[in-house]
2 protein chains.
Amino acid sequence: MKTMIEMQKKLLPDLLDVLKQRYEVLRQLHLMQPVGRRSLAAALGMTERILRSEVEFLREQGLIRIETVGMKLSDAGSDLVAEMEPLMKDLFGLTDLEKRLATHLHLKRVIVVPGDSDQSDWVKKEMGRAVARILKSIAQPDQVVAVAGGTTLAAVAEMMTASSSLKETTFVPARGGLGEAVELEANTIASQMATKSGGKYQLLHVPDQLSDEARETLIKEPHIQEVVELVRSARIVVHGIGDAKAMAERRKSSPQLLAHLQQEGAVGEAFGYYFAPDGRIVYYGRSIGLTLEDLAGADNVITVAGGSDKAASIAAVCPAVGGGTLITDEGAARAILPM
Amino acid sequence: MKTMIEMQKKLLPDLLDVLKQRYEVLRQLHLMQPVGRRSLAAALGMTERILRSEVEFLREQGLIRIETVGMKLSDAGSDLVAEMEPLMKDLFGLTDLEKRLATHLHLKRVIVVPGDSDQSDWVKKEMGRAVARILKSIAQPDQVVAVAGGTTLAAVAEMMTASSSLKETTFVPARGGLGEAVELEANTIASQMATKSGGKYQLLHVPDQLSDEARETLIKEPHIQEVVELVRSARIVVHGIGDAKAMAERRKSSPQLLAHLQQEGAVGEAFGYYFAPDGRIVYYGRSIGLTLEDLAGADNVITVAGGSDKAASIAAVCPAVGGGTLITDEGAARAILPM
DNA sequence: ACCTCCGGGACTTTTTAAGTCCCATGTAGC
DNA sequence: GCTACATGGGACTTAAAAAGTCCCGGAGGT
């Protein structure tokens, strides 16, 4: 049986936000007391009015006392702050991880879901749900979302739910198919995400492994060119991160390439690029679709990858992809961060 | 350490209400699926619109699926319902107790706080907090609140917090002083409640034990008569329940009275009236202030008493006081109800 | 072919939260 | 003792969220 906390997160995630906010007010007040509304609001980074409402509430609950010199915690208030500390750590320990990861990897936003996808497979679904929520929240009319392939992205597609805000969204694959299991192909995932969310989609029916001439020929095809244009115009990109060795084998790469990758110490893969632990690109398997340069033009690059054994890959790829959003799990997050 | 829920309730008092509502929707949906909005709303006794908001939320959480035949629980949803069942029983066992007590004692409303004030003294404070909350919620401008004495009422006074809604409230003692410890006197409590809540107060400076002539004389005093008028006009009355024997001894009653009470089997006391287990009045120690008849004119009679050893007293007094509000604790509630 | 109940959209009303400005007062520093 | 500043609290406006209400096209069952 899951804990009470897990249930609350599912059934009242909105209330947990206000819980956190109120606790933060209490905690900050505890540190600064006695203090006035305005200085406290500034310290907490909230407007005066909103803090005022919280203060009013906390006063009615008898947790803080208001005096002419400022506000102070009442006895009940300081007791509560002390008692709640471990609970809040449980509830929002991940928030802390998120902040540290964001600064460590220079990302705009990091979301960490509890668990480790190496050990429990529902964790991948949780990451998927998180991605779905983000997509919903940043949705804009007539946007294009490019999605990559892989098991993690498949989980994302599975967790998409219908939403009116995604109705005018077009999902496209980021690159041509990988020539592997069809349910992990970007094409499949793009169409599944569109179906589940109520959006539209366009597919890119080209193989991944192509000779240069074949690629040049294909790319001139009008209907392919059209889709490629669409893909490269995507303002939102969702992709996973692969383990370099596993990806190379899945793509049936030549023994030479495998040896090269191993020699260079490649650990992570994304969009056909293979990365060394220091973020250096050690190989690029060209295909049709998004390139790293295109990512710079996207407003939202959403990276989703988890599992403690992918920690090195994530740490290698993220800096190269640029400071977007990372959705990962607790296992990977703790493995990435220096202790 | 108190339970985690107790702590959360301080920061989010309506947490349980929301949790319960959402759970009920899930549970009912589980029973009726597939079902439409309107029938589900009717079954739950809520309006269509409000259910609609809940449904929207639950769908976003991926707990329910919406199909053309109606709504169904998703796998995650049915898992959650199953997992939550025992938890909800724990959480709302008190709600259940409240309902049963209300019908058993023919009261309008019963609130049961967890614990037993015989065993832990913070339970009395919890009851006090509950009373304070009720007073706040039913507050009207220029109202008069009559309060009795006793240790329980002292706890209520202690837990009152400043509230704008009580600013125009006048607190008065229900009866003249008991001639006992000053901090348990109705006068003291009325003034303390007024001070803590930011309201006003009027006191009744007359002893409790008076000869008939002395009482008749006193009651003609203009300033006393004025307060008595105020007391009898109170639309809200808050009182506790005493153990008959203990009260009689505290009031230094004569050996004859003690014997009489014992012979008649008096168990409970309130407002100077002594009650037998069947609710019969076996003695009335007249004083100046509220009488049982005056209670009928009050809109809200709030009885607050707890502790398993007071169960008999509560059961005896409540019916006589008439169907108001009872605040008690788990210990008393379980002892009162037939098993 | 009809009839009923389904989800969803759209609009209005109501309630609640937030933004903004101002004031009397108490305290600290000079 | 006086000034300057930060304090809580009040009042009013504006914005946003929630709830009430009605209607529509369509799927399923009869």
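Because the structure is predicted, anything quoted here is derived from the model rather than measured. In what follows, every chain begins at residue 1, and chains take the letters A, B, ... in the order their sequences are listed. The figures that follow rest on heavy atoms only: side chains count, while hydrogens, waters and symmetry mates do not.
- A salt bridge between B:E24 and B:R27 is present, with a side-chain N of the basic residue lying under 4.0 Å from a carboxylate O of the acidic one.
- In this view, B:E85 satisfies the salt bridge (Lys or Arg N to Asp or Glu O under 4.0 Å) rule with no residue, not counting sequence neighbours.
- For A:K196, there are no salt bridge (Lys or Arg N to Asp or Glu O under 4.0 Å) partners at least two apart in sequence or on another chain.
- For A:D96, the salt bridge (Lys or Arg N to Asp or Glu O under 4.0 Å) test picks out A:R100, with sequence neighbours left out.
- Counting to the nearest Å, the C1' atom of C:dG8 and the CD1 atom of B:I66 are 9 Å from each other.
- For residues 12-25 of chain B, proximity to DNA chain C is found at no residue, defined as any non-hydrogen atom under 4.0 angstrom from a strand atom.
- Within the structure, side chain to side chain donor-acceptor pair (under 3.5 Å) contacts touching residues 63-76 of chain A (residues at least two apart or in different chains) are A:R65-A:E67, A:E67-A:K72.
- With hydrogens and angles left out, the side chain of B:R52 and the base of C:dG9 share a donor-acceptor pair within 3.5 Å.
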Using a cut-off of under 3.5 Å, enumerate the N/O to N/O pairs linking the protein to nucleotides 1-6 of chain C.
residue, atom, partner, partner atom, Å
C:dC6, OP1, B:G36, N, 3.0
C:dC6, OP1, B:S39, OG, 2.8
C:dC6, OP2, B:S39, OG, 3.4

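- Atom OH of A:Y201 is surrounded by 12 or fewer heavy atoms from other residues, nucleotides or ligands within 6.0 Å.
- For A:K200, the NZ atom is densely surrounded, since the number of other residues' heavy atoms within 6.0 Å is greater than 12.
- The rotation axes computed at either terminus of the helix from C:dA1-D:dT30 to C:dC30-D:dG1 lie 30° apart, taking five pairs at each end and rounding to 10 degrees.
- Counted within 6.0 Å of NZ on B:K20, heavy atoms from surrounding residues, nucleotides or ligands total more than 12; the atom is thus considered enclosed.
- Taking atom CZ on B:R49 and atom P on C:dT12, their separation rounds to 15 Å, with Å as the unit.
- Applying the salt bridge (Lys or Arg N to Asp or Glu O under 4.0 Å) test to A:D299 and every residue at least two apart in sequence or in another chain returns A:R235.
- Listed by chain and residue number, B:R129, B:A130 satisfy the side-chain contact (heavy atoms from CB on, under 4.5 Å) test with B:R133 (two or more places apart in sequence, or in another chain).
- By the side-chain contact (heavy atoms from CB on, under 4.5 Å) test, B:S39 is found to be paired with B:V35, residues two or more places apart in sequence or in another chain being considered.
- Of all nucleotides in DNA chain D, those with any atom nearer than 4.0 Å to a heavy atom of chain B start and finish, going 5' to 3', at D:dG10 to D:dG28.
- Residues satisfying the side-chain contact (heavy atoms from CB on, under 4.5 Å) criterion with B:A102, sequence neighbours excluded, are B:V110.
- Pairing each heavy atom of A:E98 with each of A:V112, the nearest pair is OE2-N, 2.9 Å.
- If you take CG of B:L51 and C1' of C:dG7, they are 12 Å apart, rounded to a whole angstrom.
- One interatomic measurement links the two molecules: CD of B:E56 to P of C:dG8, which rounds to 9 Å at whole-angstrom precision.
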